[in-house]
Structures are given as structure tokens and as C-alpha cells.
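The structure under discussion appears below in the form of C-alpha cells.
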Amino acid sequence: MRLRRSILTAFCPLAAAGLLSLPAATAQSPAQTASTAAADRPWMNTSLTPDQRADLVIKAMTLDEKLDLVHGTGWGALKDGSPIAEGSNEGAGYVQGIPRLGIPGINMADSAVGVRLAARESRYATLLPSVLGAASSWDPEAAHLYGSVIGRELRDQGYNMSIGGGVDITREPRNGRNFEYAGEDPVLAGTMVGNVEKGVLDEKVMNDIKHYALNDQETGRTIVNAVLGKRAMRESDLLAFQIAIGIATPSAVMCSYNRVNGDYSCENDYLLNQVLKKDWDFKGFVVSDWMGTHSTVKAALAGLDNEEPGPNHPDDQEHDDNDAWFAAPLKAAVQNGQVPMSRLEDMDHRVLRSMFAAGVIDHPPFPRRVVDPFRGRDDAERIANESIVLLKNAEHLLPLDGGVKSIALIGSHADVGVLSGGGSAQVDAPGGNAADPQPGTMKWGEAVYFPSSPLKEIRRQAPHAAVEFNAGTDVAAAAALAKQSQVAIVFVNQPMIEGKDAKTLSLPDDQDALVEAVTAANPHTIVVLETGGPVTMPWADRVAGIVEAWYPGIGGAQSLANLLFGQVNPSGKLPVTFAKSDDQLPHPEVPGIGLKEKAVPGNPDHKELPRFDADYNTEGARVGYKWYESEHRTPLFPFGYGLSYTTYAYSNLKANAQERSVSFEVKNTGSVAGTEIAEVYAELPAKADEPFKRLVAWQRVALDPGESKTVTLKVDPLYLSIFNTDKNSFELLPGEYRILAGPSSAEPPLHATMTVAE
Ligand code: BGC
């Protein structure tokens, strides 16, 4: 069953499209499949529920087929030289189908911010803004569009499952993967990522939510034990998953590498069986992160349903990773009764019902291997327009006047491209890294720039200005250029990658010194940040403008130019707090970051980091802004903060306890149209013992100059509840809730009381 991609597939378009190797039933049209349902394939009857259909398939499966569905086929395309299974589309994972029963294989692709590994097949994939960027829009519709782009391009490329959907909250602001996640607040993050993954599913592609749970740092990610009390966990990290899963109804939830309160996530009975499957009634399957499985019986009984990447082919001498827990060892465990057959069938049921529910059996993708790059770029730009956050605008320097005479553009390869995030979320840049063009799949660890040139776009929007670029590597030359220009725009960056946290919140490579020198030379200096997450800005008081562009995606240069020249009025708000310094954080150092590898006893050639705990009880549920508020610390920029080219006034807040709703007015008091993200927070009654407010609702409100709108928002009781560990359930405490509304988490101007009766 495992073949290398053959000469045939290289030269025959049908074979290259995967059609020759597809089982007969999967290559049929939906009408044909429905008509063959009756006799030998009763599960093709589309009037049955996904659960009924899954059960019918299981009745027809042999033991070996039942085992095939619960693990992948090995590293395949992820490791050079690893055999690629027949039917694999060369994504991160492949689960064999059951051709004789018309069940297709599952072709899984990493797709956090766009489809990964596209260049390998000379394909193109749209790079979207980072998830954190998109979360700055606070726009569930933009999030849904984000997922649609991914789903659409996955289908076009022959994949039927996305393994994106990261929703680990920003407990550790230096986490290397924060750009794949949606920020520090569980309600905002859960809502945004839930909508992204709903967008994927709506394209009839299986979807995923990951990395469950508390995979909040990359340092020691495969050994760290995240320690956190149940109440705090349920009200913070797990709440984000609960909300995302509720919205996305994901096909799969990926368990993470780390341990949680002692047990690895992928064999953690509390996380998988008790919370995910019982309390949240999750119907899909739990897939392990790649090599995140550590046992057969324990993992199977704790709730893991599918091991990835699965066992390597016996011929694969180079990669003899012992990752085959759910192949032969699971067969033995079922045969000797350690894992009941009913549990194996439950795993199969979860996989199959998710395939039926998503539509990948009735509507299999027919790969065209080409996506519509223009449509993707336009969608990416639309999302980026809402994602960029204006953090400072002294003396209304922005938007720049089209009549500006000279602009110094400095740093961060802004002549050729915009930065992207690294690791398994890396999308291949068309034509190769714009900063170092070498077409092909991007190298792990390299900071990859996409060909979206701020220099070109700024020149396009300021046709009469002299716009000169300086690389920023020679600080004196950059300052000299700034000095002779009317305005200086300095791009600074923080490349982030899976597997590695930033040591500090400071910008790398002495870029702070570059900004200081440029702003000393020219007070009209605007800093554009391309960062994975929050960074410190020791120069914040001395520059005129600060724009957080995150990793803005393939439409990034256009979006930035739109915003700098006022074609777009900024509306994004921070989904994470920006600290003044690392000392302000609950953990001034990333837990475990100083630990050194040690020789493994009995195996001196092999070195490992010693196991360690990340004690998240320090902050508990007080993640991000909740920490600052309860510790009375003032950050550099608060959660929910972002400026506009207009101003807004809030008034007339009313809270309706019966309806659990709030209403207030927002008015555009400036002279240009804009969209304000109006935020609602709640402080719980004293007996909740929570010295901080929580975000409970928000809305984007589009307003013309002078226009005023009444905003009425329902507040989900879950967002007001505390988790009662004795009752193992959320509880809405009776008492007085202080409701606050305004433009950010810092001192919202309106207050009202909502009384919840006994
Ligand atoms: C990452 C996952 C990813 C998987 C497959 C792992 O290292 O943690 O997020 O989906 O690899 O590439």
C-alpha cells in the first residue's frame, strides 16, 4: 500500500490529480453515490444521520480496517526520504481509507494561516494575516472568511481535512506560536477561532481545533508539565476551547505535546474523556499532535482516537521512530482485552461520523491543484484591513497627506515583502522568500518574506513623493536618510516560529537602537511592527506613530499603504496586552527557558531537557489584562486598545437583567467614517472572588461622521459564570454584576449594574 510518488504521477495529469488512485466510489458524483447506496453500501443513504451511517460502515469493517482508521501512515512528505503512502496528497498526515467500502482516505494539511507545503507540488496558496492579526478585527465574519479561504484552497488542492484551528490563549506572550492563536481572552479567542474553523467546515472540508490543552509555550513543549487548578483552567484556557468547539463543531480536536497536571495531553483522561467528550459532548475524534502519543492502552482508554503521524513503513530505515502505538500494539491490546473492541469501534465511529458530517464522503474534493490567487489575495487584504492596529498617532501625523514630498522607508525588507510566521504554519512564498528568492518549499527556521512590497505600494499611493528605501542594517545611514526626509517609516520585525519562544519581549537584532536613531534624526517617525505577538517599545514616547501590522499576509503591503494614506480607517484592537517590560509578566522568564539538556542515564550519547513544571497557578485565570488589573500594573498598551482616524463617544448604558442584555450608544464625533469595536466587560459579585473584569460581549459598529447608533448586545450567561469544581459545572452566581462599556479594557467609561436574582 505504500508507494513512492511514481514516474506515472509525475507525467500523467490524472494520476497527479490523484484521480487514478482514488477508489471507484469516491470518484463518483454525489448522485451516483446516492444511487449505489441501496444494496451493498447502505451508509451512502444521505437521509441517514452521520452517526447511523458511521455505524453501518463499522458493521462491514474487518479488524484491520478498524485499525487503519485510527492511525496515520507515517511521516510521508514531512520528512525527506520517508515513503509516501498511495493516496496521500503529501500533506502533514494521511489516514488510509477503505476503498472496498468507498471510504476515502483522510488527507490532512497544516493550514493555520494558509495551506502549507504547496510549493512542493508547484502549487500556490494564499497567505492570510496571522490568526492573531485576524483576531484584532474582533470580526467573526472576517474569521469565517479566513476559514473559507483555507477550506476552498484545501479542496482545490485535493485535501479533505485542515489541521489548523489553534486556540491556545496567550498565557505566555513570548510563545513562539502566538501568531497562530487568537490572543489572551478566552471569549474573543474562542469566538474568532470557532468562526475560522466553521468557515473551513462550510467548504465541506474536515476541520480541527488544537492544541488541546495548555500548550501555551514552546519551551520544552514535549516535556513541560502545565500545572493549573481546575477552576482557573475551565475559566481560561479550556473556556476558549469550549467556545471554539461549540461554534466550529470540529471534526477533530488535536491533543497537544505537553503534560497537564501530570499526564500527557494525549493520554489525559480528565481533558479528553471527562471534559471534552463528556462535559462538552464532543462527537468528533481526538487526533494526537505529531508524535504526541506516548502509550497504547492508557491513551486509548483516556480518549485518544487517532495517532499521528502513525507508524513508519518497515522499509523506512532512516526514520524508525517508535510512534506506532495505535497500529500493531493496539491490535494486540484489543485482542487481549486490554482495550475493549467497543472502544476501538468508538474511535472508528468518531472518525467516520466526522467524515460524513463534513461532507467529504458525499462531496469529495476533485483536486485542480490550482487556486484562484487573486481571489485569495483580495480576501487576505480585506481581512488585513481590519487587522492592523493603530497604537499611536501623535499630532495626527497619520493618515499621511498624498502631497507628502519625501519618505524614508527603513528596515525589515520593506522594499520587497512582508514577514510570515514559521514552523508548521509556514506557507510557501510564491517565487521563494522575497528577501532571498529561491523557489520551492521554505526552509524550517528561516524568516520568510512574501512578495507584497510596502515600498511599491507606498510609491503607488504617494506618486509625487520621493520614497527611498534603506535596509536599516547601517543605523547611521538609516538615520541620515530619515533626517533628509519629511517622514520616516521604520519597519521592525519579530520573526517567530513553532518550537521556539522568544527569550524576551524585546525586538531582536538591536532594532530598538535603529528606531531610536531614526526618531532622533526625524521626529516624524512612524514605526510599523511586523511581530508574532506583543513586544516592548522603549522608544514609544519618542516616535510619532506606531502601527501594529502583525504578519499581515499576501495583501499586507496594500493594506498597510491603505491605512497609512487613509484609504482605510484603522479599526483593529489589540487581542493581547503589550507589557512595558518582561518584569510585568506573571513569569518574568519563560518557564524552563534557562534549563540545559542533560545526558540521559544509561544513554550518555542522548541528551534531553530535564522535565519541569510551568506553574500557571501563579496567575491562574488572570491571563493578560486580568493579571494587570488584579496586580494594579499599567501596561504599555492594554487589551482591546486601538486608535482610529476619527473619535467616538459612548453614552447611555443600560443593563437588562431579565434579557441578559446591555445597550448603549456610540457616536462618531470626528470628521471621517469609521468602525468602532465597542467592548462590554463585567465584574462579578464579590463572592466570585475575582478581582478583575472579563470581556463578555462586543460589536463592530460602522459610523459615518456625526452618526450615532444604539448597540444592543446579549451577554451569554456562560461568560458571566464561574466554574464550580464541586458541582463540576458552570454556575451563574446571584448578585450584582457591574457592567462596563467602552473602547478598551482600560477604564471603560460607562458603568451599570445587572442584578442576577437568587
Ligand atoms: C505541530 C502541529 C502540526 C503538526 C503537523 C506539529 O509539530 O505542533 O500543530 O499540525 O506538527 O505538521
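In what follows, residues are counted from 1 in the order of the sequence shown. Both counts, for ligands and for their atoms, begin at 1 and track the order of listing.
- No side-chain donor-acceptor contact under 3.5 Å links H294 and Y257.
- Taking the side-chain contact (heavy atoms from CB on, under 4.5 Å) definition, one finds that K500 meets it with I497, sequence neighbours left out.
- Side-chain atoms of D289 and S256 include no donor-acceptor pair closer than 3.5 Å.
- With sequence neighbours excluded, the residues forming a ring pair (Phe, Tyr, Trp, His ring centres under 6.0 Å) with F179 are Y551, listed by chain and number.
- Listed by chain and residue number, I593 satisfy the side-chain contact (heavy atoms from CB on, under 4.5 Å) test with K503 (two or more places apart in sequence, or in another chain).
- Between the side chains of E267 and S295, at least one donor N or O lies within less than 3.5 Å of an accepting N or O.
- Ligand 1 is surrounded by L78, A92, D110, R116, I163, R177, K210, H211, R221, M254, Y257, D289, W290, S424, E498, each with at least one heavy atom closer than 4.0 Å.
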